[in-house]
Structures are given as structure tokens and as C-alpha cells.
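I have a structure here, written as C-alpha cells, and I will follow up with some questions on it.
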Amino acid sequence: MEKVNIYDDIVYGEEKVKVSLILETEFSKEIRIVFKKDQIMKDHKTAYPITVEIFEGSIDFGVGEKVYNLVKGDIVSLEASIVHNLKANEDSIVRLTLSKSDSINRVKGVLKL
């Protein structure tokens with residue numbers, strides 16, 4: 001067993017979103033994404049399904065032509081290969097669950113687009 005707390009050692013990036021691995025299991029990678037208000041992650045997609053959970057704040061989650069406002073407590077799942085984007089409406093903390101086969105470097109690479 002391993003125990004972590006999503007709120008430990010939070011750092012808000014002034015220039016861009018902060019992405020960090022908080023837990024890796026035999027089947028998944030749990031990623032914390034920390035946004036300051038108005039920070040974005042541009043259009044991107046993954047080869048694997050993902051789950052996104054809002055722990056703090058409010059995020060506009062764009063999928064195709066639709067934008068969904070996600071708030072604290074909301075959880076969404078997304079199939080592989082679906083283009084999506086995120087924009088923080090306020091300072092926000094997001095948990096992203098990735099497949100074990102996916103990479104945190106891919107997620108960090110979205111910030112360089």
C-alpha cells in the first residue's frame with residue numbers, strides 16, 4: 001500500500017500549468033495538474049482512455065465543439081483518441097488518471113504546444 005495526498009506540496013506555476021506524478025500503481029498513473037486562473041492545456045489527445053476529476057476550482061473541458069464546465073467533485077472519463085482541452089476559470093487542482101502504458105512526459109508535452 002502507498003498513501004499520498006493530492007494537496008501535499010502544491011505549487012502554482014506563474015507561467016504555465018504544473019503537472020506532477022503523485023502515484024503510480026500496477027495499472028495506472030495518477031497525475032496532479034495545478035492551474036492558476038486562465039491557464040490552459042491546448043487541444044491534445046491520448047492513445048488510452050483517461051479519467052479526470054476536479055478537486056478544487058472550475059475547469060472548462062472542451063471536447064470537439066462542446067465545452068463542459070466541470071466543478072469540484074465532477075469526474076469525467078474520455079475514450080482514447082478524443083481531442084480535448086482544458087481552461088481554468090479559477091485556481092484549480094485536477095487529478096488525471098492515465099493508463100500504466102501512458103506517459104507523464106506526454107502530458108507535460110501538451111504544455112509546450
Quiz prompt | Worked verdict on Glu56 versus Lys72 for salt bridge (Lys or Arg N to Asp or Glu O under 4.0 Å) | solution = CA-CA 5 Å; Glu56 295 291 338; Lys72 182 177 181 176; 3.6 Å; yes
Quiz prompt | Shortest non-hydrogen separation from Tyr12 to Ile10 and the atoms involved | solution = CE1-CG2, 3.6 Å
Quiz item: Tell me, do Ile93 and Tyr7 make a side-chain contact under 4.5 Å, heavy atoms counted?
Solution: yes
Self-check item: Lys36/Glu90 ion pair, N-O < 4.0 Å
Solution: no
Quiz item: Does any N or O in the side chain of Lys29 come within less than 3.5 Å of the main-chain N or O of Asp102, such that one atom is a donor and the other an acceptor?
Solution: yes
Practice problem: Heavy atoms only: give me the nearest Ser103-Asn105 pair and the separation to one decimal. | Solution: OG-N, 3.0 Å
Exercise. Report whether Ile82 and Ile75 are members of the same hydrophobic cluster (ILVMFWY, side-chain heavy atoms less than 4.5 Å apart, transitive linking).
Key: no
Quiz item: Below 4.5 Å, heavy atoms only, C-beta onward: do Val67 and Phe61 meet side chain to side chain?
Solution: no
Quiz item: Is Ile104 reachable from Leu23 through a run of hydrophobic residues whose side-chain heavy atoms are each under 4.5 Å from the next?
Solution: no
Quiz item: Heavy-atom distance under 4.5 Å between the side chains of Tyr48 and Leu98, does that happen here?
Solution: no
Self-check item: Stepwise side-chain contact (heavy atoms from CB on, under 4.5 Å) check, Tyr68 with Val63
Solution: CA-CA 8 Å; Tyr68 302 89; Val63 179; 4.2 Å; yes
Quiz item: What residue among Val76, Leu78, Thr97, Asp74 forms side chain to side chain contact (heavy atoms under 4.5 Å, CB included) with Val52?
Solution: Val76
Practice problem: Taking all heavy atoms of Val17 and all of Met41, pick out the closest pair and write down the distance. | Solution: CG2-CG, 4.2 Å
Quiz item: So do the side chains of Val4 and Ile6 get within less than 4.5 Å of each other, counting heavy atoms only?
Solution: no
Quiz item: Asn89 versus Asn69: any side-chain heavy-atom pair under 4.5 Å?
Solution: yes
Exercise. Mind listing the closest non-hydrogen atom pair of Ile40 and Lys87 along with its distance?
Key: CG2-CG, 3.6 Å
Self-check item: Test item: Gln39 side-chain N/O and Gly13 main-chain N/O as donor-acceptor pair under 3.5 Å
Solution: yes
Quiz item: Considering residues, nucleotides and ligands other than Asp9, do more than 12 of their heavy atoms fall under 6.0 Å from its CG?
Solution: no
Exercise. May I ask whether Leu86 and Val71 are part of the same hydrophobic cluster, defined by side-chain heavy atoms of I, L, V, M, F, W, Y residues being less than 4.5 angstrom apart, directly or through others?
Key: no
Exercise. Would you give the length of the straight line joining atom NZ of Lys16 to atom CD of Glu14, rounded to the nearest 0.5 angstrom?
Key: 13.5 Å
Self-check item: Closest non-hydrogen atom pair between Lys108 and Val19, with its separation
Solution: CE-O, 3.4 Å
Practice problem: Say whether, by atom type as modelled, one donor and one acceptor occur between the side chain of His44 and the main chain of Asn85 under 3.5 angstrom. | Solution: no
Self-check item: Side-chain (Ser92) to main-chain (Ile59) donor-acceptor, under 3.5 angstrom
Solution: no
Practice problem: Start with the C-alpha gap between Val107 and Leu96, add the side-chain angles, then the distance that decides, and say whether side-chain contact (heavy atoms from CB on, under 4.5 Å) holds. | Solution: CA-CA 10 Å; Val107 178; Leu96 169 64; 4.0 Å; yes
Quiz item: Is the shortest side-chain N to carboxylate O distance from Glu30 to Arg95 below 4.0 Å?
Solution: yes
Exercise. Please name the pair of heavy atoms, one in Asp91 and one in Lys37, separated by the smallest distance, quoted to 0.1 Å.
Key: OD1-N, 2.9 Å
Quiz prompt | Side-chain touch Leu21/Arg32, heavy atoms, less than 4.5 angstrom | solution = no
Quiz prompt | same_hphob_cluster(Val34, Leu70) at 4.5 Å side-chain heavy-atom cutoff | solution = no
